[in-house]
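I have placed the structure first, in the form of structure tokens, so that the comments after it can refer back to it.
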Amino acid sequence: MQGVDRDRDPAGRPRNARPRDSLGRPLQRTAAGSPSYDEERALPPDAAVGRGWRLLGAGEAFRAHELFEAMWKAAADDERPLWRGLAQLAVGITHAQRGNATGAAALLTRAADTLSPFAGTTPHGVPVDRLRRWAATAAQHPTPELAAPPLHD
């Protein structure tokens with residue numbers, strides 16, 4: 001594959017520059033897709049939580065996943081499991097929206113487990129116990145109509 005221009009980040013890691021549909025599935029390189037969250041611009045934590053929940057509420061779980069994943073990659077070691085768990089929760093919803101019940105159940109269960117070190121806390125306003133209960137329940141019956149988890153009562 002000599003001479004092929006490959007999309008790489010500044011560290012030389014490959015990036016997938018293909019456009020995506022609203023559920024994160026890759027489209028043809030020439031297609032117009034949903035805008036992707038720019039991983040290089042991680043938001044302040046409280047703003048990221050708010051934006052992530054607005055995206056989830058708007059049915060844009062894949063974009064919420066990208067945002068939470070960007071936060072996970074940029075987070076300090078003690079907060080990485082929080083952002084990873086939120087990313088897993090969002091991608092679990094994405095799998096449900098795509099009709100992949102098995103993948104949704106696995107990711108939602110994993111999200112509840114990943115968030116367990118934060119049980120009993122509300123870092124950046126994230127109601128961890130409520131999300132863990134929601135994820136465990138949603139994992140039992142994931143459907144394409146899966147609604148976003150409640151951030152507040």
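Start at 1 with the first residue, then count along the sequence.
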Handout entry: H65 ring center near F62 ring center (under 6.0 Å)
Key = yes
Exercise for the section: Could you check if a side-chain atom of T94 sits within less than 4.5 angstrom of a side-chain atom of L107, using non-hydrogen atoms only? Expected result: no
Practice task
Considering non-hydrogen atoms only, spot the tightest contact between G52 and F68 and give its length.
Solution key: CA-CZ, 3.6 Å
Problem - Side chain proximity check, L115 to R84, heavy atoms < 4.5 angstrom - result: no
Exercise for the section: Output yes when a side-chain donor or acceptor of S116 lies under 3.5 Å from a complementary backbone atom of D113, and no otherwise. Expected result: yes
Practice task
Report yes if some heavy atom in the side chain of R130 is under 4.5 Å from a heavy atom in the side chain of P149; otherwise report no.
Solution key: no
Problem - pair Q97-E145: side-chain heavy atoms closer than 4.5 Å - result: no
Problem - For A135 against A112, the heavy-atom pair lying closest together - result: CB-CB, 4.2 Å
Practice task
Quick one: pull up CG in L56 and CZ in R63 and give me the separation to the nearest 0.5 Å.
Solution key: 11.5 Å
Exercise for the section: Is it possible for you to say whether L82 and W53 belong to one hydrophobic cluster, with membership spreading through side-chain heavy-atom contacts below 4.5 Å? Expected result: yes
Handout entry: Distance-minimising heavy-atom pair for A104 and A96
Key = CB-N, 3.5 Å
Exercise for the section: Evaluate the side-chain proximity of L89 to W134: yes if any heavy-atom separation is below 4.5 Å, no if none is. Expected result: yes
Problem - Rounded distance [0.5 Å steps], CG in L146 versus CG in L108 - result: 6.5 Å
Exercise for the section: Rounded to the nearest 0.5 Å, what's the gap from OG1 on T137 to CZ on R133? Could you check? Expected result: 9.0 Å
Exercise for the section: Considering non-hydrogen atoms only, spot the tightest contact between W72 and A87 and give its length. Expected result: CE3-CB, 4.5 Å
Fill in the blank from the handout: Residues D129 and G120: closest non-hydrogen pair is OD1-N, 2.8 Å
Exercise for the section: Apply side chain to side chain contact (heavy atoms under 4.5 Å, CB included) to W83 and V49, showing your working. Expected result: CA-CA 9 Å; W83 298 108; V49 169; 3.6 Å; yes
Handout entry: Gap between atom CG of L86 and atom CD of E69 - 0.5 Å precision
Key = 12.5 Å
Problem - Over all atoms of both residues, closest heavy-atom pair of A61 and I93 - result: CB-CG2, 3.6 Å
Exercise for the section: For the residue pair V128 and T122, establish whether any side-chain heavy-atom pair is separated by less than 4.5 Å. Expected result: no
Exercise for the section: Can you measure from CD (E60) to CG (L67) and round to the nearest 0.5 angstrom? Expected result: 11.5 Å
Problem - Inter-residue atom distance T109.OG1 - Q88.CD, 0.5 Å rounding - result: 10.5 Å
